[in-house]
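The figures here come from the full heavy-atom set of this structure, side chains too, leaving out hydrogens, waters and symmetry mates. None of these values were measured; they are calculated from a predicted model. Just follow the structure's listing: the first ligand is 1, and inside any ligand the first atom is 1.
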Amino acid sequence: MTDPAPLPRVPLAGVIGHPVAHSKSPALFRHWLDTYQLPGHYVPLHVRPDDLETALATLPKLGFVGANVTIPHKQRALELANVVSDRAALIGAANTLIFRQDGAVHADNTDGYGFVENLRRNAPDWDPEVGPALVLGAGGAARAILASLIDAGVPRIVLSNRTRSRADGLAEEFGRHIDVVEWVQAAGEIGDAALIVNTTSLGMTGKEPLRMKLDALHPGQLVTDIVYAPLRTRLLEEAAAAGCRTVDGLGMLLYQAVPGFERWFGVKPEVTDATRAAVLA
Ligand code: ATR
């Protein structure tokens with residue numbers, strides 16, 4: 001008996017997490033698939049840490065062309081990948097996986113791209129080469145942001161974190177661009193910064209607010225927060241009141257998804273007000 005003709009392939013992709021129900025990515029991808037009237041599906045994939053390796057070996061066989069990766073899998077996914085992009089290697093974590101037809105898994109990290117693209121689109125007159133940047137926090141998000149700021153040409157970065165040793169570790173890794181200051185002294189660096197970035201979870205709904213003294217904020221500065229729930233954090237509210245340009249954190253989430261969507265579904269999607277609304281709904 002001859003094999004029946006192969007069925008037409010509808011691209012499948014998804015987001016791998018544990019937990020994953022909170023992820024905004026399915027709503028975002030559905031919005032873009034609908035907007036561009038593309039065939040394809042994007043689904044949440046709840047994968048426990050012990051099952052990640054099996055999932056990465058199995059999903060390509062089930063017709064998946066790729067996946068986003070979220071907490072807690074970003075580092076392990078990088079280790080399991082067959083090919084790693086330079087920026088994923090630098091950040092030490094993957095957020096975007098491409099499944100090749102031969103079963104090879106390519107790992108990329110688009111978080112830093114999403115961060116910088118959000119600033120470029122929403123603050124078009126931002127010149128990264130006018131420094132310094134003050135970065136608050138030294139976790140996984142800070143890693144991707146530091147890499148992208150250095151890549152964008154920011155000449156000097158002042159980094160501050162509650163746990164100083166984490167900031168020192170990043171400064172050592174990323175080299176001469178970064179000066180570390182104590183967390184209690186970070187407020188003293190605000191006045192001189194051209195760009196101020198909160199990469200901590202402070203200010204997120206249900207978490208503590210960022211209590212730092214913000215009196216030194218002034219017009220001409222660009223201030224951004226990776227927190228997007230709420231969209232207007234205390235940092236952004238006070239920055240706007242002080243005459244700074246502010247960019248909220250939702251755009252980083254949206255722009256980091258652009259390269260994966262383009263790769264898997266063949267169209268480079270635009271981030272519009274409708275995109276923001278679809279994700280916030
Ligand atoms: P992510 O990968 O999202 O960046 P993370 O690695 O847990 O998450 O990092 C969270 C960041 O928020 C860290 O910089 C953390 O500071 P520590 O390294 O000292 O933990 C920061 N953070 C969280 N809660 C904080 C708080 N109450 N005060 C100051 N910083 C806080």
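Using a 4.0 Å cut-off between heavy atoms, Ala141 contacts ligand 1 through both its backbone and its side chain. The side chain of Glu208, and not its backbone, has at least one atom closer than 4.0 Å to an atom of ligand 1 (non-hydrogen atoms only; side chain from C-beta on). Heavy atoms of Thr163 found under 4.0 angstrom from ligand 1 belong to the backbone as well as the side chain.
Among all protein heavy atoms, the one lying closest to atom 1 (P) of ligand 1 is Gly140 N, 3.6 Å. Looking from atom 12 (O) of ligand 1 to the surrounding protein, the closest heavy atom is Thr200 CB, 3.3 Å. Closest to atom 5 (P) of ligand 1, if we only count protein heavy atoms, is Gly139 CA, 4.0 Å. When only non-hydrogen protein atoms are considered, atom 23 (C) of ligand 1 lies nearest to Ser201 OG, 3.6 Å.
Within a 4.0 Å radius of atom 7 (O) of ligand 1, the protein has no heavy atom. In this structure, atom 10 (C) of ligand 1 has no protein heavy-atom contact shorter than 4.0 Å.
Classification of Asp215 and Lys213 as a salt-bridged pair holds, one side-chain N sitting under 4.0 Å from a carboxylate O.
Between Asn161 and ligand 1, at least one N/O pair is under 3.5 Å apart. Not a single N or O atom of Trp183, backbone or side chain, sits closer than 3.5 Å to an N or O atom of ligand 1. The shortest N or O to N or O distance between Leu202 and ligand 1 is not below 3.5 Å.
With no hydrogens or angles considered, no side-chain donor-acceptor pair links Asn95 and Asn68 at under 3.5 Å. Judged by distance alone, the side chains of Arg232 and Thr246 do bring a donor and an acceptor atom under 3.5 Å apart. With no hydrogens or angles considered, no side-chain donor-acceptor pair links Arg156 and His177 at under 3.5 Å. A side-chain donor from one of His18 and His46 sits under 3.5 Å from a side-chain acceptor of the other.
Within 6.0 Å of atom CG in Asp273, 12 or fewer heavy atoms from other residues, nucleotides or ligands are found, so the atom counts as exposed in its surroundings.
Relative to atom 24 (N) of ligand 1, the option among Arg162, Lys74, Arg211 with the closest non-hydrogen atom is Arg162.
Near Gly137, meaning under 4.0 Å from any of its heavy atoms, are these atoms of ligand 1: 14 (O).
The backbone N or O of Arg276 lies less than 3.5 Å from no partner atom in the side chain of His31, so there is not a single donor-acceptor pair.
Each of Val130, Leu134, Val223, Leu149 was compared with Leu195 under the side chain to side chain contact (heavy atoms under 4.5 Å, CB included) criterion, and only Leu149 meets it.
Aromatic rings of Tyr255 and Tyr113 (six-membered ring for Trp) have centroids beyond the 6.0 Å cut-off, not under it.
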